[in-house]
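Before any comments, here is the structure.
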Amino acid sequence: MSRSRIIFIVGIISLVAITIYSLQDSQGGEQYMEEIKKFRQEKDLSMTRDDFPFAGRANEFTGLKYFDPDPSFRISANLTPIKDKNVVLLTTNDGLESKYLEYAYADFSLSGVKCRLLILEIMEQGPNRGTLFLAFADETSANETYGAGRYLDLRKVPGSSSILLDFNKAYNPYCAYSDKFSCPFPPRENILHVAIRAGEKNYK
């Protein structure tokens with residue numbers, strides 16, 4: 001075998017190894033763990049700023065509580081867009097209603113349980129108009145996690161048939177810390193019959 005061919009083969013093997021390592025790391029390696037750590041640190045820092053739950057009460061804030069990061073809760077779900085979109089009204093903790101527009105369904109399996117979540121689009125005027133909103137509850141709700149459910153930020157990817165649901169970044173609505181905030185409850189179809197032990201826990 002010629003030297004040039006050996007160099008070529010070694011190069012291909014190296015490239016494959018780097019690709020596999022990069023994929024593994026993006027799914028649950030050191031880089032991903034650092035991403036989750038940074039996300040949580042920034043969340044803690046934001047909680048005492050103006051218009052946040054502990055504004056003016058920094059001395060009371062003891063830090064948010066989390067499950068340990070678990071890459072198995074970073075899920076690529078099948079995305080089914082909703083063609084004939086309806087307006088959805090979600091009741092809030094203070095007895096009001098928030099208006100949303102149906103966007104798509106996210107389908108996935110977790111611990112052998114088939115799950116479907118309704119993703120909504122924010123309709124109200126303001127900087128968040130048109131962005132996605134996902135509120136859910138699961139079998140940890142009202143026990144290990146906040147009873148009224150948790151939220152997950154999602155990003156629109158036009159034309160995509162899948163969507164990333166990283167439950168390690170699931171967080172409590174602000175009404176979990178203060179009655180001054182109005183927070184919508186999850187739609188009925190987003191109450192999952194599986195425990196999602198990832199993301200933020202009860203604060204107290």
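All heavy atoms count here, side chains included; hydrogens, waters and symmetry mates do not.
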What I want to find out is whether Arg197 reaches Glu144 closely enough, with some N-O distance under 4.0 Å, to be called a salt bridge. yes
Tell me if the centroids of the rings in Phe167 and Phe136 come within less than 6.0 Å of each other. yes
When clusters are formed by joining ILVMFWY residues with side-chain heavy atoms under 4.5 Å apart, either directly or through shared neighbours, do Leu164 and Phe108 land in the same one? no
Would you give the length of the straight line joining atom NZ of Lys43 to atom CG of Leu64, rounded to the nearest 0.5 angstrom? 7.0 Å
Please give me the minimum heavy-atom distance between Thr145 and Phe67, naming the atom from each residue. CG2-CE1, 3.7 Å
Side-chain donor/acceptor pairs under 3.5 Å, residues 113-124, sequence neighbours excluded:
{"from": "Arg116", "atom 1": "NE", "to": "Asp107", "atom 2": "OD1", "distance (Å)": "2.7"}
{"from": "Arg116", "atom 1": "NE", "to": "Asp107", "atom 2": "OD2", "distance (Å)": "3.4"}
{"from": "Arg116", "atom 1": "NH2", "to": "Asp107", "atom 2": "OD2", "distance (Å)": "3.0"}
{"from": "Glu121", "atom 1": "OE2", "to": "Lys156", "atom 2": "NZ", "distance (Å)": "3.4"}

Side-chain heavy atoms of Asp166 within contact of Ile36, under 4.5 Å: yes
In terms of heavy-atom contacts, Gly149 and Pro173 come closest through O-CD, 3.4 Å
Test item: Phe39 and Asn168 side chains (from C-beta on) under 4.5 Å apart, heavy atoms: no
In Å and rounded to the nearest 0.5 Å, what is the NZ to CD distance from Lys37 to Glu34? 5.0 Å
Nearest non-hydrogen partners of Pro184 and Phe133, listed with the distance: CG-CZ, 3.6 Å
Does a side-chain heavy-atom distance below 4.5 Å link Pro53 with Phe181? yes
Decide whether Tyr177 and Leu152 are clustered together by the hydrophobic rule: side chain heavy atoms of Ile, Leu, Val, Met, Phe, Trp, Tyr closer than 4.5 Å, transitively. no
In short, Ser76 meets Ser162 closest at the heavy-atom pair OG-CB, 3.8 Å
Show the numbers, then the answer: is there a side chain to side chain contact (heavy atoms under 4.5 Å, CB included) between Arg150 and Thr140? CA-CA 10 Å; Arg150 292 178 288 168; Thr140 70; 3.8 Å; yes
Euclidean distance, Tyr100 OH relative to Leu89 CG, rounded to 0.5 Å: 10.5 Å
For atom CG of Asn59, is the number of surrounding heavy atoms from other residues, nucleotides or ligands below 6.0 Å larger than 12? yes
Quick check for you: to the nearest 0.5 Å, what is the distance between Asp138 atom CG and Ile196 atom CD1? 4.5 Å
Sub-3.5 Å donor-acceptor pair from the side chain of Thr92 to the main-chain atoms of Ser182, do we have one? no
Measuring centre to centre across the rings, with the benzene-like ring taken for any Trp, is Phe54 within less than 6.0 Å of Tyr203? yes
Report the distance from atom CZ of Arg40 to atom NZ of Lys169, rounding to the nearest 0.5 Å. 10.0 Å
Minimum heavy-atom distance Ala106-Leu165, with the two atoms named: CB-CD1, 4.1 Å
Steps toward ring-ring contact (aromatic ring centres under 6.0 Å, His included) verdict (Phe61, Phe52): CA-CA 12 Å; Phe61 181 58; Phe52 283 78; over 10 Å; no
Taking atom NZ of Lys65 as the centre, report whether more than 12 heavy atoms of other residues, nucleotides or ligands fall under 6.0 Å from it. yes
Heavy-atom pair with the smallest gap, counting every atom of Leu134 and Asn190: CD1-ND2, 3.6 Å
Is the closest side-chain heavy-atom distance between Phe73 and Leu110 below 4.5 Å? yes
Hydrophobic clustering (ILVMFWY, side-chain heavy atoms < 4.5 Å, transitive) - are Val88 and Phe185 grouped together? no
Distance, nearest 0.5 Å, that separates CG of Leu90 from OG of Ser98: 7.0 Å
Is there a continuous path of hydrophobic side-chain contacts, each under 4.5 Å between heavy atoms, that joins Leu79 to Ile82? no
